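The structure under discussion appears below in the form of structure tokens.
As the structure is a computational prediction, the values presented were derived from the model and not from experiment. Lettering of chains follows the sequences in order, A, B, ..., and the numbering in each one begins at 1.
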Amino acid sequence: MFTRTHTCGELRASHIGQTVRLNGWVNSYRDHGNLIFIDLRDRYGVTQLVFDTDDAKNAGAADAGDKHAHTGMMGAADKLRNEDVISVEGTVRIRSGGENPKLDTGKVEVVVTSLVLLNKTENPPFLPDVIGTLPNEEVRLKYRYIDLRRPAMQKIVSTRSKALQSVRKYFVDANMFTEVETPVLYKSTPEGAREFLVPCRNVPGSFYALPQSPQLFKQILMVSGCDRYLQICRCFRDEDPRADRQAEFTQIDLEMSFVRREHIMTMMEGFVRHFWKDMLGYDVPPMQRMTYRNAMETYGIDRPDTRYGLHITDISEIAAKTDFKVFRDALAKGADRPRFNSKRGVVKAIRVPGGAEKLTRKITDGYSDLAKRFGAGGVATAKYIADPAGAKFDTGCAKFLEPIKAELVAALGLEPGDTLLFIADTYSVATKAIGELRQQVARDTNVVPKPGAEGGPWNFLWVIDFPMFEKNKDTGKWIAMHHPFTAPRDDQRDLFVSASVDDDDTIESIVSAGYDIVLNGSEIAGGSVRIHDRDVQSKVFQLLGLTPEQAKEKFSFLLEALSFGAPPHAGIAFGFDRLIMHICGTDNIRDVIAFPKTQVGADLMTRAPSAATPAQLKDLFIASTWTPEPSKA
RNA sequence: GGGGCGAUAGCUCAAUUGGUUAGAGCACCGGCCUGUCACGCCGGAGGUUGCGGGUUCGAGCCCCGUUCGCCUCGCCA
């Protein structure tokens, strides 16, 4: 009936003379009266169809008809509009009007002898064949099925599909991983991200949670002897989204038994190499490694973008030698703390080459606002300029810098024409603020290369040696930096076991066996060697402030499993959506998800979430406490 | 929860510092056109300027509130 013989991207000069049937959407039409061109589109491409009164008759169309009388096939072709779905039969021939080099099928056209209108469309809100600006995202999301017809979106969808195959090829086919599915209805463990809850009808008043990750199941699988586990799984975190983050996202979840850090890093680096080769033909060079401390010191962030310099320098010792109140006050904070302690007062600086010209007063004024958003007091600035009497500091806090000029020039490699930016505060505040500042300066001075997909460098990086714990600013309690099942680095075990609950400085200094993969400033994977020793796991819970009773209530199954022959194991999870973003060169995660959600978790197409009926709630023993706020107007 | 930006025809955008009947391109409807490929030509229809208040002789424009979308801080073990 309408079984096609070819796709719309398939026909070439070699098909000339053949009778073919094509199905697809009307991409555009050019109506010349008794000659009508239709560009027919499917996901493989576009083919030009011709409806010609004379030709159709010559080609043997049963009912060629006449457009002006609105009869037969010509009359029907005259009524075709963009996005109508049609099936046509016809003959392939060379284009007599010259080829169209923009189309893969541009040498040929199909003279239609039979037209079937499979489905007439309403006037669509926008056309997949976008000329100029895309409609705004609200419209694209509401009519997602139209947006997905766009070739650019079709390409992403198929790239994502190919990527899934590539993942399985490496792990399952080549490296003996077993793909295992774990529950989506899961036990609530209210550490970490906020969870989505699912009421349980059979046990009134109780709830499942949707998993933030299958972390504990995959560890239990290791105890089960699974040995090498893979799951391409959906995870749920009820937190506000960002450009590269959705509440519902996909992870490539992995775990291996009988390995330590080096083994799993080698395996995963092999995957990255395979994946980029498979997807883009790119050979990933051996990946650099950077410690967390080095990343924080030099880049002010745990996922450094190493495609550009603008390195951060700690000038605390030099800054102590000048009488600048901003520096002095900062350095007085936690002066008795160890060198890298989060509470120690520090002064950090960035040298911006050529900044004296590139960074206007307006731009640098904005930097203080940026620093304030991250808790710092502001940004001190000074230009270093050429002068007949020798290069000198100018503007900003210049006069305070003259006494330490020689040392600053040596420490920072200053050249005339540079601008210096300073942030002075506690280690944790100054580090974060100047790390954000560095990225803003990079954007302002145009030193960020195009993304790798557009020909820029792919800078892969392992970040290792994370702290085990960090302090929660609000509660003052220790929390696991990665998660509570992360093991201390092998050489830290004695220090860890000896740490007492109230010894903050020691707890802060313990290094974990965690590792992240960072690509161009974006975290694409994170994992760790896991704790496989029940006593070590109990100690972690203790340091996190869980009583033995609480630990048992929440994690008894894990502690029991660890005591019944748990092998050493380690794992990692890749953010699959982010991998696809990099491969496709987009900075919007919604572009790589077929049916994404908005900032408030809404699906604009289906209108989810929606209210439940009283009957549904009654079945679930749920009552809502929500009431609309009375209007203030 | 906080900050920023935005919303005008189906879509993308205009609309002089608050002043006539809110315009254009594309899409749509009608007509013409036999070699186009962003086809062309003639004509037409299409608006609660997101919504609700307010200021004003007069509001798309100013003020307040609100809804929705995007970016972001917090958050994301």
Of the listed nucleotides [options], the one nearest the side chain of [X]:
X         : options                   : result
Thr133(A) : rG69(B), rU12(B), rG35(B) : rU12(B)
Asp52(A)  : rG1(B), rU34(B), rA27(B)  : rU34(B)
Lys67(A)  : rG35(B), rC33(B), rG31(B) : rC33(B)
Pro135(A) : rC71(B), rU12(B), rC76(B) : rU12(B)
Ser96(A)  : rC28(B), rG35(B), rC37(B) : rG35(B)
Asn123(A) : rC71(B), rC28(B), rU12(B) : rC28(B)
Glu109(A) : rC75(B), rG35(B), rG69(B) : rG35(B)
Lys102(A) : rC75(B), rA38(B), rC70(B) : rA38(B)
Arg30(A)  : rG74(B), rA38(B), rU36(B) : rU36(B)
Arg81(A)  : rC28(B), rG10(B), rC37(B) : rC28(B)

So, is [X] near the phosphate of [N], with a side-chain N or O under 4.0 Å from OP1 or OP2?
X         : N       : result
Lys432(A) : rG74(B) : yes
Tyr29(A)  : rA38(B) : no
Asn100(A) : rU36(B) : no
Gln599(A) : rC71(B) : yes
Arg242(A) : rC73(B) : yes

### Query
So, His32(A) and rU36(B): ring centres less than 5.5 Å apart, planes less than 30° off, yes or no?
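Stacking between His32(A) and rU36(B): absent.
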### Task
Compare the ring of Phe37(A) with the six-membered ring in the base of rU36(B) and state whether they stack (centres under 5.5 Å, planes under 30°).
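Stacked: centres under 5.5 Å apart, planes under 30°.
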### Whole-Å C1' distance, rC26(B) and rG46(B)
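To the nearest whole Å, 14 Å.
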### Query
In whole Å, what separates the C1' atom of rG74(B) from that of rG3(B)?
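Per the computed distance, 11 Å lies between those C1' atoms.
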Looking for any heavy atom pair under 4.0 Å, which part of the strands does [X] touch: base, sugar-phosphate only, or nothing?
X         : answer
Phe374(A) : sugar-phosphate
Arg93(A)  : base
Glu122(A) : nothing

### Message
If I take atom CG from residue Asp516(A) and atom CD from residue Glu523(A), how far apart are they, to the nearest 0.5 angstrom?
### Response
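Spacing of CG (Asp516(A)) from CD (Glu523(A)) equals 4.0 Å.
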Rounded to the Å, how far apart are [X] [atom1] and [N] [atom2]?
X         : N       : atom1 : atom2 : value
Ile146(A) : rG10(B) : CD1   : P     : 15 Å
Gln440(A) : rU72(B) : CD    : P     : 12 Å
Asp84(A)  : rC28(B) : CG    : P     : 10 Å
Glu83(A)  : rC26(B) : CD    : P     : 18 Å
Asp238(A) : rG74(B) : CG    : P     : 18 Å
Phe126(A) : rA9(B)  : CZ    : P     : 16 Å

### Query
Starting at the 5' end of RNA chain B and moving along, which residue's nearest nucleotide shows up first, Arg237(A) or His70(A)?
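Closest to the 5' end, via its nearest nucleotide, is His70(A).
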Once hydrogens and angles are ignored, does a donor-acceptor distance under 3.5 Å link the base of [N] to the side chain of [X]?
X         : N       : answer
Arg95(A)  : rC37(B) : yes
Asn34(A)  : rC33(B) : no
Asp240(A) : rG74(B) : yes
Arg590(A) : rG69(B) : no
Arg373(A) : rC73(B) : no

#### Entry: Opposite nucleotide pairing with rG25(B), Watson-Crick or G-U, both atom distances under 3.5 Å
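When the pairing criteria are applied, rC11(B) turns out to be the nucleotide that pairs with rG25(B).
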### Task
Mind telling me whether Tyr292(A) and Phe466(A) have parallel, tilted or perpendicular rings, with 30° and 60° as the class edges?
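Tilted.
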### Query
Are Thr486(A) and Ser528(A) close enough that a side-chain donor and a side-chain acceptor fall under 3.5 Å?
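Looking only at side-chain atoms, Ser528(A) and Thr486(A) do form a donor-acceptor pair, the distance falling under 3.5 Å.
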### Task
Taking the side chain as every heavy atom from C-beta outward, state whether Ile593(A) and Met581(A) have any pair of such atoms under 4.5 Å apart.
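Ile593(A) does not reach Met581(A) side chain to side chain.
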